[in-house]
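Report on the following structure.
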There are 2 protein chains.
Amino acid sequence: MRILLIEDEVKTIRSLRQGLEEHQWSVDMAYDGDTGRRLALQNDYDVIVSDIIVPGVNGLELCRQLRRQGLKTPILLLSALGETDDKVSGLEAGADDYLTKPFEFREFMARVKALARRPAAVFQAEQVLRMADLELDQHTRLVRRAGKTINLTPREFALLEFLMRHPGKVLSKVEISEKVWDVDFDTGTNVVEVYVNYLRNKVDKGFDKRLIHTLFGQGYILKEEA
Amino acid sequence: MRILLIEDEVKTIRSLRQGLEEHQWSVDMAYDGDTGRRLALQNDYDVIVSDIIVPGVNGLELCRQLRRQGLKTPILLLSALGETDDKVSGLEAGADDYLTKPFEFREFMARVKALARRPAAVFQAEQVLRMADLELDQHTRLVRRAGKTINLTPREFALLEFLMRHPGKVLSKVEISEKVWDVDFDTGTNVVEVYVNYLRNKVDKGFDKRLIHTLFGQGYILKEEA
DNA sequence: TCCCCAACATGCGAATCCTCCTTATCGAAG
DNA sequence: CTTCGATAAGGAGGATTCGCATGTTGGGGA
């Protein structure tokens, strides 16, 4: 089971992390909201746990953003704020559970397990890569952007899959040739450029934000902002 | 939205019922565990709320029984017992959330809503046809026999899908032409035979038991025994 | 600042592969 | 022996992949 823990309070981190790992959970950490969001979209967790008060994007806003982007992963919010108003606004932001500090680890663990056994998580366990409103299911080989299904050829799919496995990373044409075409020499052609062009026509054209960007002389990169 | 409320304490019933109905929820009531279980299995609720201490089967046991019978509906347990042990055992019995009395109605409502927005029922609709060790997923369009993935062309898939939708039934070539090729006249060719042959090569050849059988002069049939 | 060249984008089309279906031939059932 | 079914072979048409030629753009040097 994979869990993402977004928290900046050292004491809480230590106890939760240790406890989770003793229960055989694989824990990814984020110490601020922005890192948390990136990880949440990039990887496929069974549960996400976030403190409300963290540096950067706070827990409530994080929930809203993730839900707006279609992420279905169960979210458990932690907070020192125990007022009904706080709980209500957390749950209305899209969280699935809300736990007030201080709490016993056993209750935390029981709630995390309850979230993980949801059928949503089972379905999520299929390999879905996300980047903004673009999603690629490695299992069903379905690609969608803003809800609209996109039809890719096998080679186009392989290229997009490679890009989405390394979001925000500059990928040189040599790297792409190696991983997508499986050739480690220069073919002397511009296949990569041709296929990047194909992908842009299908994935970027007609949508508001471009996701595939060129870094002159360096390669290509998949990211959100222009 | 439909909710089942299992509770015997008059005061709680009154406030919850009234509040839920003001939020446009349709409320079914049970005053004891046995009635609750019967209703839960009989009808299709979005959320089930149960007090732990009710006459007859108690809330914990109710959870276990419902889960054992495969019911996926989210369950919220209510209780005056606020100890960690109580919460943990409730969640481990299969509940999805646990709320300690007394609570404010707004928090209760927020938690119920959080449970109701789960995609549970949506994804339950897994469209898989099975025949012996052969399975065909109408949604992902994946076909497997004895765990081995089989690659079919669209036409082959349509033919196998038609056969699997009518297991054990004799299907004449005319019927197959109509349903799979959408032609209601005799094309004068033997397309059906050719495609049955393709299917046999991929689906039957190399496996111990044949599934596609010929009924001379009548048509084809999908069944187990030779 | 301007110019040029390398880097990149893109239109076009050839080669290849996949899918579908037909035809022809052979075997089996009744 | 006649009819029905199995199977091999191959062509039409479309999708896919890739190369090439020609625009277009970025950025470093004069």
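Every chain is numbered from 1, with letters handed out A, B, ... down the list of sequences. Predicted model only: the values in this text are computed from it and were never measured.
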- Task: For Arg67(B) and Thr73(B), test the side chains for any donor-to-acceptor distance below 3.5 angstrom and give the result as yes or no.
- Result: no

- Cut-off 3.5 Å, side chains only: do Tyr195(B) and Asn197(B) have a donor facing an acceptor? no

With rounding to the nearest 0.5 Å, note down the distance linking [atom1] in [X] to [atom2] in [Y].
| X | Y | atom1 | atom2 | answer |
| --- | --- | --- | --- | --- |
| Lys148(B) | Leu134(B) | NZ | CG | 13.0 Å |
| Ser50(A) | Arg37(A) | OG | CZ | 12.0 Å |
| Leu91(A) | Cys63(A) | CG | SG | 9.0 Å |
| Glu161(A) | Leu136(A) | CD | CG | 6.0 Å |

- Item | Closest approach of Ile6(A) to Leu62(A) (non-hydrogen atoms, all atoms of both residues) | CD1-CD2, 3.4 Å

- Message: I need the residues from residues 148-164 of chain B with at least one non-hydrogen atom less than 4.0 Å from DNA chain D; give them sorted by number, or say none.
- Response: none

- Item | Range on DNA chain D touched by chain A, heavy atoms, distance below 4.0 Å | dT16(D) to dG26(D)

- Provide, to the nearest angstrom, the distance between the OH atom belonging to Tyr195(B) and the C1' atom belonging to dC18(C). 10 Å

- Atom CD1 of Ile176(B) to atom C1' of dC20(C): distance rounded to whole Å? 17 Å

- Item | Presence of salt bridge, Asp97(A) and Arg111(A), under 4.0 angstrom | yes

- Message: For nucleotides 7-17 of chain C, give me one character per nucleotide, 5' to 3': B if any protein heavy atom sits under 4.0 Å from the base, S if the only such contacts are to the sugar-phosphate, - if neither.
- Response: SSBB-------

- Would you say the side-chain atoms of Asp204(A) pair up with the backbone N or O of Leu211(A), donor to acceptor, closer than 3.5 Å? yes

- Query: So, the side chain of Glu156(A) versus the backbone of Thr153(A): is there a donor-acceptor pair under 3.5 Å, distance only?
  - Reply: yes

